Protein chains: 2
Amino acid sequence: MTTTDKRREILHSALKLIALNGFQGAPTALIASRANVGAGTIYCYFESKDVLIQTLYEELEIRMLAALTKGYPGTQPLRERFIHVGKSFVRYCLAVPMDFRFLEQFHNSPHGAAYRRDRILGGKDQDIIHELFEKAQKEQLIKDLPKMILMNLFFGPLLCVVRDHVLGFATLDEPTIDRTVDACWDAIRR
Amino acid sequence: MTTTDKRREILHSALKLIALNGFQGAPTALIASRANVGAGTIYCYFESKDVLIQTLYEELEIRMLAALTKGYPGTQPLRERFIHVGKSFVRYCLAVPMDFRFLEQFHNSPHGAAYRRDRILGGKDQDIIHELFEKAQKEQLIKDLPKMILMNLFFGPLLCVVRDHVLGFATLDEPTIDRTVDACWDAIRR
DNA sequence: CTACATTGACTGAGCAATCAGTCAGTCTGG
DNA sequence: CCAGACTGACTGATTGCTCAGTCAATGTAG
């Protein structure tokens with residue numbers, strides 16, 4: 001087993017434990033043993049448990065953004081772009097439920113709040129999705145509300161619906177996903 | 001200070017600490033000292049920390065449901081009832097941000113998942129809000145989607161928007177609240 | 001004085017992080 | 001080609017700390 005394998009095993013085992021049991025239910029000793037690695041090995045690769053978690057978060061966020069961007073219909077009408085992003089978001093989350101649960105745990109923790117504060121107050125929020133909302137607003141296709149509210153109107157329900165599915169409270173099939181994303185568009189369109 | 005006062009002080013101090021710092025950041029020793037009470041006194045009133053948290057949750061949930069029900073326009077058109085519930089929800093959460101933060105912490109914890117599972121699978125979910133969605137669906141005023149998805153479409157964005165306000169990422173004024181709730185109605189209406 | 005409420009030092013469990021030690025793999029001098 | 005020195009990735013018992021919960025001692029109301 002190479003050095004990189006161990007690092008990957010540690011990240012994977014941490015992801016799984018945190019997704020299933022929360023930060024509480026993922027002691028370093030358990031992360032190590034599930035990764036078939038000594039307790040100290042974690043600290044060869046990561047300065048602290050916090051750094052491990054932060055690293056994991058950043059990797060998952062990059063993968064998520066890539067999934068939303070993949071196949072992005074940049075030339076089609078804006079409405080189609082919103083629908084694409086919404087569906088991609090739901091499908092990606094359902095495809096990697098562990099990643100989704102981890103991201104949720106992270107967001108609802110002191111880590112998450114701090115991270116978000118940095119991003120928003122640091123003006124670092126600038127990606128394809130922010131662009132999309134700004135353009136649609138300029139073209140008066142969507143309601144005249146603060147961008148953050150529009151984003152919550154669109155993604156808020158999707159987040160809730162995916163959570164309910166992943167936790168086993170509901171079941172999402174393809175047609176239901178499509179119609180839910182359409183409903184989110186109804187919320188923001190003029 | 002009477003017996004009841006101490007109980008209330010303990011609950012209040014726990015609420016505040018958990019809302020601000022999460023379950024992690026609310027050790028029983030600190031809850032007790034902030035309540036001007038000995039560490040053992042908590043256990044005169046509550047079997048365990050878990051029971052204390054559960055009790056607190058149930059009290060807050062009752063208050064919240066009361067706030068949504070207050071002034072409920074049971075005779076007006078269904079749309080107006082939705083708007084009333086939506087606005088009441090947002091206003092109440094903004095009025096008691098600590099309660100809101102606590103409820104969020106609770107929902108995003110093992111406690112919350114277990115509680116929710118009991119409610120949903122036990123078929124205990126039957127209140128004025130569920131009634132409202134069912135009636136609107138029977139009258140074909142709202143979309144033909146599973147009730148749980150409709151509820152997420154309506155309340156999901158409100159939850160997100162209130163969270164952003166309470167965490168200081170955004171500011172909600174009255175007109176914005178009104179227009180956001182209207183947008184949530186657009187999401188579910190036919 | 002009695003019965004009960006309250007206290008806070010204490011206990012044992014569980015935690016993140018450490019570090020002295022191990023050993024497979026690599027290098028070096030003969 | 002090989003024996004012996006060396007390296008550093010890896011290990012896991014240990015450390016120091018925090019926490020929920022306990023209980024003997026103390027306070028207090030009737």
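The model shown is predicted, which means the values in this text are computed figures rather than measured ones. The figures here come from the full heavy-atom set of this structure, side chains too, leaving out hydrogens, waters and symmetry mates. In what follows, every chain begins at residue 1, and chains take the letters A, B, ... in the order their sequences are listed.
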Response to the item:
Of Thr41(B) and Gly40(A), the one whose closest nucleotide on DNA chain C sits nearer the 5' end is Thr41(B)

Worksheet item: Looking at the side chain of Ala39(A), which of dA16(C), dA9(D), dA13(D) is the nearest nucleotide?
Response: dA13(D)

Response to the item:
Closest of dA9(D), dC19(D), dA17(C) to the Ser48(A) side chain is dA17(C)

Worksheet item: How many Å lie between CD1 on Ile10(A) and P on dA9(D), as a whole number?
Response: 13 Å

Worksheet item: Does Thr28(B) have a side-chain nitrogen or oxygen under 4.0 Å from the phosphate oxygens OP1 or OP2 of dC19(D)?
Response: no

Worksheet item: Tell me: CZ of Phe46(B) to P of dT6(C), nearest whole Å?
Response: 12 Å

Worksheet item: Quick one: do Glu174(A) and Arg91(A) make a salt bridge, cutoff under 4.0 Å?
Response: yes

Practice prompt. Please tell me which of the listed nucleotides, dG21(D), dC15(C), dT18(C), lies nearest to the side chain of Lys49(B)?
Written response: dG21(D)

Practice prompt. Decide yes or no on ring-ring contact (aromatic ring centres under 6.0 Å, His included) for Phe133(B) and Phe82(B), but give the supporting numbers first.
Written response: CA-CA 9 Å; Phe133(B) 276 87; Phe82(B) 276 100; 5.0 Å; yes

Discussion item. Nearest whole Å is fine: how far is dA17(C) P from Ile42(A) CD1?
Written reply: 9 Å

Practice prompt. Specify the separation, in whole Å, of atom CG of Leu17(A) and atom P of dC15(C).
Written response: 12 Å

Practice prompt. Can you tell me the distance, in whole Å, between the CD atom of Gln24(B) and the P atom of dG14(C)?
Written response: 16 Å

Practice prompt. Between dC10(D), dT6(C), dA20(D), spot the one nearest the side chain of Lys6(B), thanks.
Written response: dT6(C)

Discussion item. Using whole Å, what does the distance between atom P of nucleotide dT6(C) and atom CD of Glu9(B) come to?
Written reply: 13 Å

Discussion item. Check this for me: does any side-chain nitrogen of one of Lys143(A) and Asp186(B) sit under 4.0 Å from a carboxylate oxygen of the other?
Written reply: yes

Item to complete: Output yes when Lys147(B) and Glu131(B) qualify as a salt bridge under the 4.0 Å nitrogen-oxygen rule, no when they do not.
Response: no

Item to complete: Please determine if Arg116(A) and Asp164(B) form a salt bridge, counting it only when a charged side-chain N lies under 4.0 Å from a carboxylate O.
Response: yes

Item to complete: Quickly work out the Asn36(A) CG to dG12(D) P distance and round it to whole Å.
Response: 11 Å

Worksheet item: How many Å lie between CD1 on Ile53(B) and P on dC19(D), as a whole number?
Response: 14 Å

Worksheet, complete the sentence: Testing dA20(D), dT7(C), dC10(D) for proximity to the side chain of Tyr43(B), the answer is dA20(D)

